Amino acid sequence: MPAIQPRTLKGFRDFPPALALVRERMVDVARAVYRSYGFAPIDTPALELAEVLLAKLDPGAEIARQLYRFVDNGGRDVALRFDLTVPLARFAAMHVQDLGVPFKRYHIGPVWRGENTQAGRYREFLQCDFDTIGTTSSAADIEVALVIHDLLVALGFERFTVRVSDRHVLAGIVEVLGVGDRTGGVLRSVDKLAKQGPDAVHAELVDVVGLTSGQAADVLDAASSDLDAVVERFGASDRVAGGAARLRELLEVAAAVGIPDGRLAVDLSISRGLDYYTGTVYETFLADLPTIGSVCSGGRYDDLAGLYTNQSLPGVGASLGLDRLLAAMEELGMLGAETTGAPVLFVRFPGVALADLHGLAADVRRSGVGAEVYPDVKKVGAQLQLAERRGARVAVLAGPAELATGVVKVKDLASRTEAAVPRSALVSEVRRVMGG
RNA sequence: GUGGCUAUAGCUCAGUCUGGUUAGAGCGUCGGCUUGUGGUGCCGAAGGUCGCGGGUUCGAUCCCCGUUAGCCACCCCA
């Protein structure tokens with residue numbers, strides 16, 4: 001009986017190779033997509049002064065209660081970051097003068113929130129943020145939508161929808177209806193439309209937000225109609241017209257770039273619960289697993305760093321919820337059994353010097369393909385079985401018999417076929433098998 | 001944070017409602033048939049504090065309470 005029961009904290013998880021390999025690959029993909037659009041990486045500390053993290057939050061904000069916060073050994077009130085946007089605000093306030101605007105950065109790192117767990121909701125999870133700050137141009141908003149789309153495609157998804165809206169549209173409508181002071185409540189309620197249905201939202205608009213039944217019906221009607229219908233009815237409002245124009249431009253560009261129909265859709269009902277979004281908002285849902293929630297969300301904010309600097313820093317960006325996406329892929333059976341970093345395994349035989357095997361393996365590695373030498377001299381079958389279970393693609397059999405005649409056997413683990421080739425042809429044969 | 005459901009072998013689950021001798025299955029794992037070739041077959045083996053703690057009882061995996069974790073709804077959000 002061990003003295004201490006090994007376990008992880010609620011909402012925290014281990015990543016065995018099958019998950020960690022996929023996760024690392026996803027991070028690589030995200031990095032590549034972000035860089036292809038000109039975003040540059042930054043990094044910031046996991047731990048910040050609590051006052052810095054709390055500066056932008058309302059005193060009663062839900063997220064403030066979810067903070068992992070403690071007094072450090074120097075008596076400082078500190079907390080783990082709960083997102084990457086607030087650290088960006090602090091970072092920007094300290095460094096924009098050196099970097100210049102517009103400033104485009106991506107930031108991949110873990111964040112912590114002490115909230116209740118659920119499928120795809122953890123207390124420690126990886127966020128992959130990208131933002132453009134220092135410009136109000138809709139070109140930046142459009143770019144965010146394109147990046148989200150490219151990101152999901154690069155990660156291997158086809159059936160997804162990036163839902164886009166502009167808060168000015170619904171907010172403008174609410175103003176026209178004469179209840180502009182209730183905008184926040186209206187947006188929060190309407191945001192639940194997809195999940196709870198029109199009846200529940202209507203009830204909430206009336207009972208909680210305090211609209212008349214007619215106003216609630218108008219809001220719901222607008223939220224579920226398309227852009228043209230809304231403009232026709234409420235276009236006299238500059239605010240509505242302006243938001244609609246930006247959304248139309250976004251759709252035009254998306255179409256011109258060749259984004260397929262359905263991948264990007266205007267949905268006026270989405271508005272995001274977060275108060276600091278002021279314009280365009282984005283949410284991304286998987287068609288095959290919508291219940292896991294948005295896997296990539298974001299929006300435009302007027303002033304990122306107002307509490308830390310006098311310089312006005314508007315911006316727009318989004319965050320890929322990589323761990324949530326990973327959970328979705330796990331549930332959708334998209335994960336393979338691969339648990340090894342090297343696709344080529346050299347079988348160990350009695351009577352073969354390690355120097356010879358490692359020499360051959362080094363040749364394979366130099367060609368850019370990972371290779372490992374099995375450490376133990378065991379039955380060949382057992383070695384092959386382990387190789388396949390780990391997800392290796394190729395086994396190399398170089399035993400005394402082969403080496404005596406100057407050949408090696410290269411075995412395709414999937415098809416279970418093998419070919420004997422001269423030692424000098426090892427690398428080309430390995431590449432041939434892996435290419436096929 | 002609020003409410004609900006669940007917890008049995010590495011995995012997926014029976015069994016518990018009607019407490020009672022050694023808690024089962026499939027798959028997986030390991031060994032042998034086959035001391036240099038893994039998907040099938042046959043033989044054999046290992047592996048379970050029935051999440052944890054307490055209570056009721058002659059006796060608890062089963063009933064009760066607590067706790068931890070997972071899941072679901074709300075809240076919020078990636």
Side-chain angles (χ1 to χ4, degrees), chain A residues 1-2 5-13 16 26 30 57-58 60-66 82-85 108-129 148 151 188-189 191-192 195-196 200 204 208 270-275 277 281-286 291-299 317-328 331 337 345 347-352 374 377-390 392 395-404 409-418 420:
Chain A
M1 175 83 100
Q5 185 75 245
R7 51 189 185 150
T8 57
L9 285 166
K10 178 187 177 77
F12 291 73
R13 44 199 312 237
M26 292 168 79
L57 300 177
D58 293 331
E62 183 73 25
I63 207 139
R65 286 201 297 277
Q66 300 174 351
F82 57 85
D83 75 0
L84 299 177
T85 303
I108 297 172
V111 303
W112 296 267
R113 294 179 195 173
E115 66 176 331
N116 240 337
T117 55
Q118 228 163 84
R121 295 176 68 154
Y122 309 104
R123 289 183 168 181
E124 175 182 62
F125 57 98
L126 207 56
Q127 285 201 321
C128 308
D129 277 36
I148 295 175
L151 199 49
R188 263 193 300 279
S189 298
D191 202 42
K192 300 171 188 170
K195 199 163 184 179
Q196 303 192 352
E204 183 171 323
V208 179
I270 77 142
S271 60
R272 319 240 43 236
L274 288 176
D275 287 333
Y277 289 120
V281 286
Y282 315 83
E283 291 200 333
T284 310
F285 290 90
L286 302 179
T291 53
I292 204 154
S294 174
V295 294
C296 190
S297 313
S319 179
L320 176 73
L322 199 141
D323 283 317
R324 176 171 288 183
L325 198 54
L326 185 61
E331 188 162 338
L345 180 123
V347 173
R348 196 77 203 282
F349 292 95
V352 172
Y374 196 87
V377 179
K378 284 179 65 176
K379 291 174 57 177
V380 171
Q383 296 187 53
L384 293 174
Q385 194 167 44
L386 185 110
E388 187 178 43
R389 179 149 40 94
R390 290 241 179 111
V396 176
L397 296 101
E402 286 80 12
L403 293 179
K409 283 182 181 162
V410 176
K411 179 159 190 146
D412 183 337
L413 286 166
S415 67
R416 302 189 168 217
T417 57
E418 65 185 29

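Please read these numbers as outputs of a predicted model, since none were measured by experiment. First the proteins, then the strands, lettered A, B, ... as listed; each starts at 1.
Among the atoms of the strands shown, base atoms are found under 4.0 Å from some heavy atom of A:Pro400. Among the protein residues, A:Gly114 comes within range of no part of the nucleic acid, since none of its heavy atoms lies under 4.0 Å from any strand. Within the 4.0 angstrom heavy-atom criterion, no nucleotide atom of any strand lies near A:Arg65. Among the heavy atoms of the strands, none lies under 4.0 Å from A:Ala395. Residue-level contact check: A:Leu126 touches neither bases nor backbone, having no heavy atom under 4.0 Å from any strand. Residue contacts shown for A:Gly399 include a base, since a base heavy atom lies under 4.0 Å away. Here A:Thr8 lies out of heavy-atom contact (under 4.0 Å) with every strand. Within the 4.0 angstrom heavy-atom criterion, base atoms lie near A:Asn116.
Between the side chain of A:Lys411 and the base of B:U37, a donor-acceptor pair under 3.5 Å is found. Taking 3.5 Å as the limit, the base of B:U37 and the side chain of A:Glu418 contain a donor-acceptor pair of atoms between them. Scanning atom types as modelled, one donor and one acceptor separated by under 3.5 angstrom connect the side chain of A:Glu402 and the base of B:G36. For B:A78, the base has no donor-acceptor partner in the side chain of A:Glu283 [N/O atoms by modelled type, under 3.5 angstrom]. A donor-acceptor contact under 3.5 Å is not formed by the side chain of A:Arg113 with the base of B:C77.
A heavy-atom distance below 4.5 Å is found between the side chains of A:Arg113 and A:Phe125.
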- Message: Assess the residue pair A:Asp412 and A:Thr417 against the criterion (side chain to side chain donor-acceptor pair (under 3.5 Å)); give the C-alpha distance rounded to whole Å, side-chain angles, the decisive distance to 0.1 Å, and a yes or no.
- Response: CA-CA 5 Å; A:Asp412 183 337; A:Thr417 57; 4.8 Å; no

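Ranking B:G38, B:U37, B:A78 by closeness to the A:Leu413 side chain, first place goes to B:G38. Of the candidates B:G36, B:C75, B:C77, B:C75 carries the atom nearest the A:Arg121 side chain, counting heavy atoms from C-beta on.
Counting to the nearest Å, the P atom of B:U37 and the CD atom of A:Gln385 are 14 Å from each other.
Applying the 4.0 Å criterion to OP1 and OP2 of B:C74, one finds that A:Gln196 has a side-chain N or O inside that range.
Residue A:Phe349 and nucleotide B:G36 are not classified as a stacked aromatic pair, given the requirement of ring centres less than 5.5 Å apart at an interplanar angle below 30°.
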